[in-house]
Amino acid sequence: MKKSLLFFVFFIMSAIGFSQETEVKYDEALAKSLHADEYGMKKYVFCLLKSGSNTTASKEETKKLFAGHMENIGKLAKEGKLVVAGPFMKNDRNYRGIYIFNVETIEEAKVLVATDPAIKANLLEAELTPWYCTAALQETVKIHDKIAKTKM
């Protein structure tokens with residue numbers, strides 16, 4: 001009887017503790033700072049990067065253009081205009097990577113895409129589409145900086 005009573009008390013205390021830990025607390029100041037709507041969401045522009053039409057660039061030229069591509073990613077991330085960027089693994093669709101721009105319109109994203117040396121040189125091609133996602137996505141870069149032991 002004592003064991004079952006102790007188990008019951010432990011179970012109730014655990015349930016109470018768990019329910020308190022998972023309680024969602026709305027942070028109005030954070031929501032406003034991230035431009036979140038009432039659902040905690042906002043507009044972005046999703047960019048699918050594909051292999052471009054330039055297949056004649058030398059290895060040296062390609063290396064230089066991709067170094068500029070990486071520098072540009074860092075610059076746009078620091079400016080808060082790029083919230084996610086990353087390559088795809090090898091695939092048969094010519095998909096190379098993605099960007100998620102922290103802008104609301106395709107026109108704004110086109111201006112940002114035009115700053116990428118690899119896209120300008122047609123090593124990559126960008127396909128843009130409006131996207132709706134959590135406003136918290138903008139915090140990804142800050143969190144990544146805390147967990148990346150080695151910088152790219």
Side-chain angles (χ1 to χ4, degrees), residues 13-152:
M13 295 304 284
S14 296
I16 291 169
F18 180 74
S19 68
Q20 288 174 345
E21 290 176 355
T22 60
E23 185 179 320
V24 177
K25 295 185 180 181
Y26 176 68
D27 185 334
E28 185 175 0
L30 180 59
K32 283 183 179 181
S33 74
L34 297 174
H35 306 284
D37 64 15
E38 65 183 293
Y39 303 106
M41 308 280 279
K42 73 178 292 294
K43 293 178 187 174
Y44 298 94
V45 174
F46 180 90
C47 176
L48 178 62
L49 296 171
K50 298 179 178 181
S51 296
S53 60
N54 183 350
T55 58
T56 60
S58 69
K59 286 188 180 198
E60 186 177 298
E61 182 183 7
T62 299
K63 185 177 179 178
K64 182 179 175 184
L65 289 166
F66 275 101
H69 168 75
M70 296 303 293
E71 285 176 27
N72 193 58
I73 287 171
K75 175 182 163 287
L76 293 174
K78 282 182 185 173
E79 292 173 357
K81 297 293 184 185
L82 186 62
V83 294
V84 172
F88 284 114
M89 302 311 213
K90 190 172 182 167
N91 63 81
D92 60 357
R93 297 186 203 142
N94 291 322
Y95 291 171
R96 301 291 298 275
I98 64 166
Y99 286 155
I100 297 176
F101 291 113
N102 192 14
V103 298
E104 291 193 9
T105 68
I106 298 293
E107 291 72 30
E108 291 171 288
K110 283 181 180 178
V111 171
L112 300 175
V113 164
T115 65
D116 188 312
I119 293 173
K120 280 193 234 179
N122 293 319
L123 290 177
L124 296 173
E125 174 186 308
E127 224 176 77
L128 302 169
T129 189
W131 194 50
Y132 185 64
C133 184
T134 177
L137 189 62
Q138 298 165 83
E139 298 296 287
T140 303
V141 173
K142 292 177 196 170
I143 294 167
H144 180 78
D145 287 343
K146 292 177 182 179
I147 63 170
K149 190 173 184 178
T150 304
K151 303 297 179 199
M152 292 178 75

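Here the structure is a predicted model, which is why all the values come from computation and not from measurement. Values reported hereafter were calculated over all heavy atoms of this structure, with side chains retained and with hydrogens, waters and symmetry mates removed.
- The line from CG of Leu124 to SG of Cys47 is 9.0 Å long, rounded to the nearest 0.5 Å.
- Sorted by first and then second residue, the pairs that involve residues 35-53 and meet salt bridge (charged side-chain N to carboxylate O under 4.0 Å, His left out), not counting sequence neighbours, are Lys50-Glu127.
- Side chains of Val83 and Ile100 form a contact here, defined as non-hydrogen atoms less than 4.5 Å apart.
- Applying the side-chain contact (heavy atoms from CB on, under 4.5 Å) test to Ala148 and every residue at least two apart in sequence or in another chain returns His144, Lys151.
- Proximity of a side-chain donor or acceptor of Tyr44 to a complementary backbone N or O of Leu82 within less than 3.5 Å is not detected.
- A search for ring pair (Phe, Tyr, Trp, His ring centres under 6.0 Å) contacts involving Phe66 returns His69, not counting sequence neighbours.
- Screening residues 67-79 for salt bridge (charged side-chain N to carboxylate O under 4.0 Å, His left out), with sequence neighbours left out, gives Lys75-Glu79.
- Taking Lys146 as the reference, nothing meets the side-chain hydrogen bond (donor to acceptor under 3.5 Å, both in side chains) condition, with sequence neighbours excluded.
- The shortest non-hydrogen separation linking Pro117 to Leu65 is O-CD2, 3.7 Å.
- Leu34 has its side chain within reach of Glu139: a pair of non-hydrogen atoms, C-beta onward, lies under 4.5 Å apart.
- Looking at residues two or more places apart in sequence or on another chain, you find no salt bridge (charged side-chain N to carboxylate O under 4.0 Å, His left out) involving Lys59.
- Residues forming a side-chain hydrogen bond (donor to acceptor under 3.5 Å, both in side chains) with Gln138 (at least two apart in sequence, or on another chain): Asn102.
- Between atom OG1 of residue Thr129 and atom CD1 of residue Ile106 there is a gap of 5.5 Å, rounded to the nearest 0.5 Å.
- The local environment of OH in Tyr39 is sparse, with at most 12 non-hydrogen atoms from other residues, nucleotides or ligands closer than 6.0 Å.
- The minimum heavy-atom distance between Ala126 and Ile119, with the atom names listed, is CB-CD1, 4.1 Å.
- Scored by the ring pair (Phe, Tyr, Trp, His ring centres under 6.0 Å) test, Phe101 finds Tyr99 as partners (sequence neighbours excluded).
- Residue pairs meeting the side-chain hydrogen bond (donor to acceptor under 3.5 Å, both in side chains) criterion with at least one member in residues 85-95: none, sequence neighbours excluded.
- With sequence neighbours left out, Glu60 forms a salt bridge (charged side-chain N to carboxylate O under 4.0 Å, His left out) with no residue at all.
- Considering CZ of Phe88 and CD1 of Ile98, their distance stands at 5.5 Å, rounded to 0.5 Å.
- Here Thr115 pairs with Asn72 under the side-chain hydrogen bond (donor to acceptor under 3.5 Å, both in side chains) rule; sequence neighbours left out.
- Every pair tested for salt bridge (charged side-chain N to carboxylate O under 4.0 Å, His left out) that includes a residue from residues 101-120 fails, sequence neighbours excluded, so the list is empty.
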